[in-house]
Amino acid sequence: MSQSPQQRKGESVGGVWRRNYHGYALQVPHSFFTFPEYPYAAAPPELRRRAEAEVYPTGPLVQEYIASYCARFRLQRHLVLGARVLHIGSQPGGRWAVRYRQLPGGGAQLAPSHAHASTASTASGMAPSPRAQPGPAAAVAAAAAAALGGPQQAQQAQQAGEAAGGSAGVSRQPTHADSFLMGTQGHVGALGEEEGQGREVEVVADVVVCATGMYYTPYVPPIPGLASFTGPALHVRDFPSLDLVRGKRVLVVGAGKSALDAAVAAASAAAGAAAVTSLFRAAHWPLPRRVLGLPFQRVLYTRFAAAMLPPYYTAQGRPSKALRHALLAPLKALFWRALQADVAARMGLRGPLKPGRGFVEDMFYGGQIQDGSWNEAVRSGCISAVQGHLAAVTPGGVRLADGRELGCDVIIFATGYTKDYSLLDPDTLRRLTAAGGEGEGAGGGAHAAEATDAAGKHGASGRKGADGAAPGAEGEGDGGQAGAGRGGGGGGRGGSVDGDAGSSGAGAGAEGEGVHLYRSMLCPGVPNLYFIGSEAASLNNVLTSGLQSLWLLHRLTAALALPSEQDMEQDIAAQRRWRRRVMPAQRHSSAVIILYQQR
Ligand SMILES: NC(=O)C1=CN([C@@H]2O[C@H](COP(=O)(O)OP(=O)(O)OC[C@H]3O[C@@H](n4cnc5c(N)ncnc54)[C@H](OP(=O)(O)O)[C@@H]3O)[C@@H](O)[C@H]2O)C=CC1
Ligand SMILES: O=C(O)C(=O)Cc1c[nH]c2ccccc12
């Protein structure tokens with residue numbers, strides 16, 4: 001099996017917006033993907049003009065916007081570029097020792113004396129330190145920027161002449177970093193070949209903020225025979241150029257946003273592919289840009305939509321809320337049925353293209369805005385849509401569970417992302433995965449069911465809950481999930497698929513339903529470690545990260561006191577029970593906020 005093409009670029013900020021699949025673009029209007037303190041109207045005229053012309057901007061434009069944001073708030077001063085974090089270990093006194101490798105050509109070194117805002121070092125983010133206060137706008141802004149993508153942010157400005165290191169020696173920097181924001185160079189996949197090179201550096205930080213993103217570490221299911229495939233097999237994130245598919249029979253695995261977009265790109269006339277097949281195990285509800293005669297956001301980004309949801313976990317045990325929701329149940333069912341009917345009609349969803357789950361339950365997978373191109377391409381025969389379960393890869397294609405064989409020359413796995421917190425020391429990792437209490441017959445706070453196990457449950461839930469308003473009606477079954485600590489299934493590291501299941505294992509539970517945190521941001525019993533963006537999926541991620549940054553700012557300036565550890569544990573446990581009842585089990589279910597963002 002051949003390697004996927006690697007795209008090597010200079011460093012810059014932007015995470016997933018810096019490089020992704022061919023033709024990727026923002027699925028929401030750019031006004032919903034904007035730092036509150038930096039509307040497009042405040043951007044330089046050239047960027048502003050281009051954004052005005054693109055309500056749904058292309059990925060590179062979003063990346064430029066993020067870079068422009070960094071320039072505006074002069075965040076370069078706080079960035080360490082081309083730094084690959086190797087280990088984050090807790091130290092006595094609640095501090096963290098962060099060890100990283102400064103990659104050759106990897107940009108600027110940490111220069112504490114030049115740092116203006118006093119911030120603590122992070123794996124790939126930053127946080128204001130309690131000691132000397134940065135201007136809130138800059139601090140919050142920087143943290144929000146860090147939350148945008150993968151491990152991550154860098155800025156070209158400091159790059160010149162910094163062919164850092166070259167030798168593999170270990171240097172111990174000053175033991176206390178005043179302030180910096182750390183980022184690796186591009187995707188992890190691009191770094192593998194540099195393993196063993198560069199200078200190792202260790203710094204001690206008061207606070208670590210993990211802002212490594214929800215969608216950074218590619219997930220490729222462990223499929224037998226993958227290594228025997230003769231053509232390229234890659235994760236969708238490594239599909240930046242149509243050259244890969246010219247004249248080829250292309251198989252795209254998955255039915256999420258990336259999968260449908262990649263299939264449309266591969267089936268375009270410009271790509272000149274010989275054939276394109278979308279293979280998926282279950283269809284998801286597409287969300288058209290207009291629903292019920294209105295722009296989608298006028299319907300779904302509202303308190304009305306929030307009121308139509310199953311009650312939030314905080315309503316548990318409150319009779320008045322329970323009564324209100326019981327009274328509203330018929331209206332909720334009606335509303336979601338009307339919405340589903342409208343979407344199904346608008347997008348021509350029939351047969352296997354019509355999702356079995358109700359709209360609300362399905363949104364817990366992440367949701368996706370579609371402009372109808374994929375459905376149109378399927379209708380016109382440019383894409384063949386095949387529903388089935390991938391059982392094995394053969395040298396010339398794939399075999400499905402029902403025995404069908406599909407021949408193909410290229411496989412694009414648009415099978416989503418996982419988390420990898422294996423940089424954290426084992427004790428911290430154990431605490432993270434145990435948050436909210438262990439037990440309940442499910443093997444700990446973070447399950448380690450593989451996606452396929454989770455699919456078993458999805459399959460079982462099948463066509464129930466079609467009214468979408470009461471997905472909880474399926475009961476609390478945790479069946480099929482067991483045993484924390486399985487790290488399998490995270491192949492695809494190195495940018496291509498090597499079939500080496502388990503190579504990137506998250507170590508403890510990130511293959512299951514994720515880590516359950518207090519307010520999606522911290523783990524009781526693990527002081528000075530915060531998560532921004534990497535454990536929260538909403539329908540407005542920049543805003544969510546921005547709000548989390550503000551919260552953190554108040555927390556670190558001691559303006560905000562936390563509840564007791566016991567109360568936080570109880571809150572996490574209540575939330576986890578509710579999630580298991582209301583949401584389908586999947587890799588990100590501990591982090592899903594989605595439509596509840598309005599509450
Ligand atoms: N422009 C934008 O703003 C974009 C935003 N996004 C967002 O990023 C997030 C991630 O999207 P995406 O990259 O599409 O990933 P998703 O996780 O949403 O989708 C992964 C897909 O892979 C399938 N899959 C996973 N494991 C297996 C397996 N073992 N066998 C078969 N199929 C499997 C899933 O199937 P199943 O559903 O059955 O589990 C699903 O169809 C989403 O929230 C999306 O909205 C993504 C792209 C662009
Ligand atoms: O803020 C973003 O990055 C988003 O695109 C959020 C998002 C994820 N899934 C969605 C489904 C419908 C609308 C927005 C989103």
Side-chain angles (χ1 to χ4, degrees), residues 15-17 20-21 23-34 56-59 62 147-149 213-216 218-223 235-237 239 252-263 278-289 291 295-297 299-301 305 355-357 359 362-371 387-391 398 400-401 412-418 450-459 488-489 491-492 501 511 533 536-546 584-589 591-595 597:
V16 298
W17 297 102
N20 213 314
Y21 55 85
Y24 70 106
L26 196 56
Q27 61 180 340
V28 293
H30 58 62
S31 54
F32 288 91
F33 204 87
T34 308
Y56 295 86
T58 57
V62 177
L148 271 173
M214 282 287 298
Y215 308 116
Y216 175 69
Y219 173 78
V220 174
I223 309 268
H235 190 269
V236 67
R237 167 199 88 158
F239 171 46
V252 181
V253 183
K257 171 76 178 157
S258 304
L260 303 198
D261 283 0
S278 274
L279 172 66
F280 55 93
R281 55 189 183 187
H284 291 285
W285 283 100
L287 187 53
R289 289 176 178 177
V291 283
F296 74 90
Q297 64 270 24
V299 177
L300 291 175
Y301 285 31
R357 282 174 221 104
F359 182 86
D362 195 60
M363 282 294 279
F364 293 136
Y365 283 88
Q368 53 182 306
I369 311 264
Q370 290 291 340
D371 64 4
Q387 185 181 24
H389 286 257
L390 200 50
V398 299
L400 306 186
I412 298 175
F413 284 94
T415 39
Y417 294 84
T418 184
E450 297 199 350
T452 42
D453 297 335
K457 188 189 170 194
H458 302 163
E511 289 302 321
S538 77
L539 298 193
N540 193 329
N541 287 313
V542 183
L543 185 60
T544 301
S545 296
Q586 50 119 338
R587 284 195 298 282
H588 302 303
S589 54
V592 164
I593 298 170
I594 298 292
L595 287 162
Q597 69 183 19

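Numbering of ligands and ligand atoms starts at 1, following listing order. In this text, all values refer to a predicted model and were calculated from it rather than measured experimentally.
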How long is the span from the [atom1] atom in [X] to the [atom2] atom in [Y], to the nearest 0.5 Å?
| X | Y | atom1 | atom2 | result |
| --- | --- | --- | --- | --- |
| L300 | F359 | CG | CZ | 5.0 Å |
| M363 | I594 | CE | CD1 | 5.5 Å |
| T58 | H30 | OG1 | NE2 | 11.0 Å |

Would you mind running through ligand 1 and noting each atom that sits below 4.0 Å from a heavy atom of [X]?
| X | result |
| --- | --- |
| G416 | 15 (O), 17 (O), 20 (C) |
| A255 | 40 (C), 41 (O) |
| Y417 | 13 (O) |
| G367 | 44 (C), 45 (O) |
| Y219 | 26 (N) |
| G256 | 14 (O), 19 (O), 41 (O) |
| G254 | 22 (O), 41 (O) |

Expected output: side-chain [X] to main-chain [Y] donor-acceptor under 3.5 Å:
| X | Y | value |
| --- | --- | --- |
| R289 | I369 | no |
| Y24 | D261 | no |
| Q586 | F364 | yes |
| Q387 | F280 | no |
| W17 | L26 | no |
| Q368 | Q27 | no |

query = When you look for heavy atoms under 4.0 Å from ligand 1, do you find them on the side chain of A25, its backbone, both, or neither?
reply =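 It is the backbone that gets close, since no side chain atom is under 4.0 Å.
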
Ligand 1 versus H588: contacting region, heavy-atom distance under 4.0 Å =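 Neither; nothing of H588 gets under 4.0 Å from ligand 1.
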
Of [options], which has the heavy atom at the shortest distance from [atom]?
| atom | options | value |
| --- | --- | --- |
| atom 15 (C) of ligand 2 | L595, L539, L300, V16 | L539 |
| atom 32 (N) of ligand 1 | R281, R357, M214 | R281 |
| atom 14 (C) of ligand 2 | Y365, F296, Y301 | Y301 |
| atom 13 (C) of ligand 2 | I369, I593, V62, L26 | I369 |
| atom 25 (C) of ligand 1 | T415, I594, V220 | T415 |

On a heavy-atom basis, which atom in [X] and which in [Y] lie closest, and how many Å separate them?
| X | Y | value |
| --- | --- | --- |
| A537 | M214 | CB-CE, 3.9 Å |
| I412 | V236 | CG2-CA, 3.7 Å |
| R357 | A283 | NH1-O, 4.4 Å |
| V220 | T415 | CA-OG1, 3.8 Å |
| A414 | S258 | CB-C, 4.1 Å |

query = atom 1 (O) of ligand 2: which protein heavy atom is closest, and how many Å away?
reply = N541 N, 2.9 Å

query = What residue and heavy atom of the protein are closest to atom 9 (N) of ligand 2, and at what distance?
reply =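 Of every protein heavy atom, G366 O, 2.6 Å lies nearest to atom 9 (N) of ligand 2.
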
ask   = Between F32 and F296, what is the ring plane arrangement, given parallel below 30°, perpendicular above 60°, and tilted in between?
value =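 Rings of F32 and F296: tilted, 30 to 60°.
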
query = What orientation do H284 and Y365 show, parallel under 30°, tilted 30 to 60°, or perpendicular over 60°?
reply =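 Because their plane-to-plane angle lies in the 30° to 60° range, the rings of H284 and Y365 count as tilted.
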
Backbone or side-chain N or O of [X] under 3.5 Å from ligand 1 N or O:
| X | value |
| --- | --- |
| A282 | no |
| Y21 | no |
| A414 | yes |
| P221 | no |
| V253 | no |
| S258 | yes |
| K257 | yes |

inquiry  = When you compare ligand 2 with Q27, is there at least one nitrogen or oxygen pair between them that comes in under 3.5 angstrom?
reply    =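 Yes.
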
query = In terms of side-chain heavy atoms, does Y417 have a donor or acceptor partner in R237 at a distance below 3.5 Å?
reply = no

Report yes or no: does a heavy atom of [X] sit under 4.0 Å from some atom of ligand 1?
| X | value |
| --- | --- |
| L390 | no |
| W17 | yes |
| Y215 | yes |

request  = Below 4.0 angstrom from a heavy atom of F33, which ligand 2 atoms are there? Numbered from 1 as shown, please.
outcome  = 1 (O), 2 (C), 3 (O)

task = Of the side chain and backbone of Q368, name the one, both, or neither that has a heavy atom under 4.0 Å from an atom of ligand 2.
result =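 The answer is the backbone.
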
request  = Determine whether any heavy atom of S538 lies closer than 4.0 Å to an atom of ligand 2.
outcome  = yes

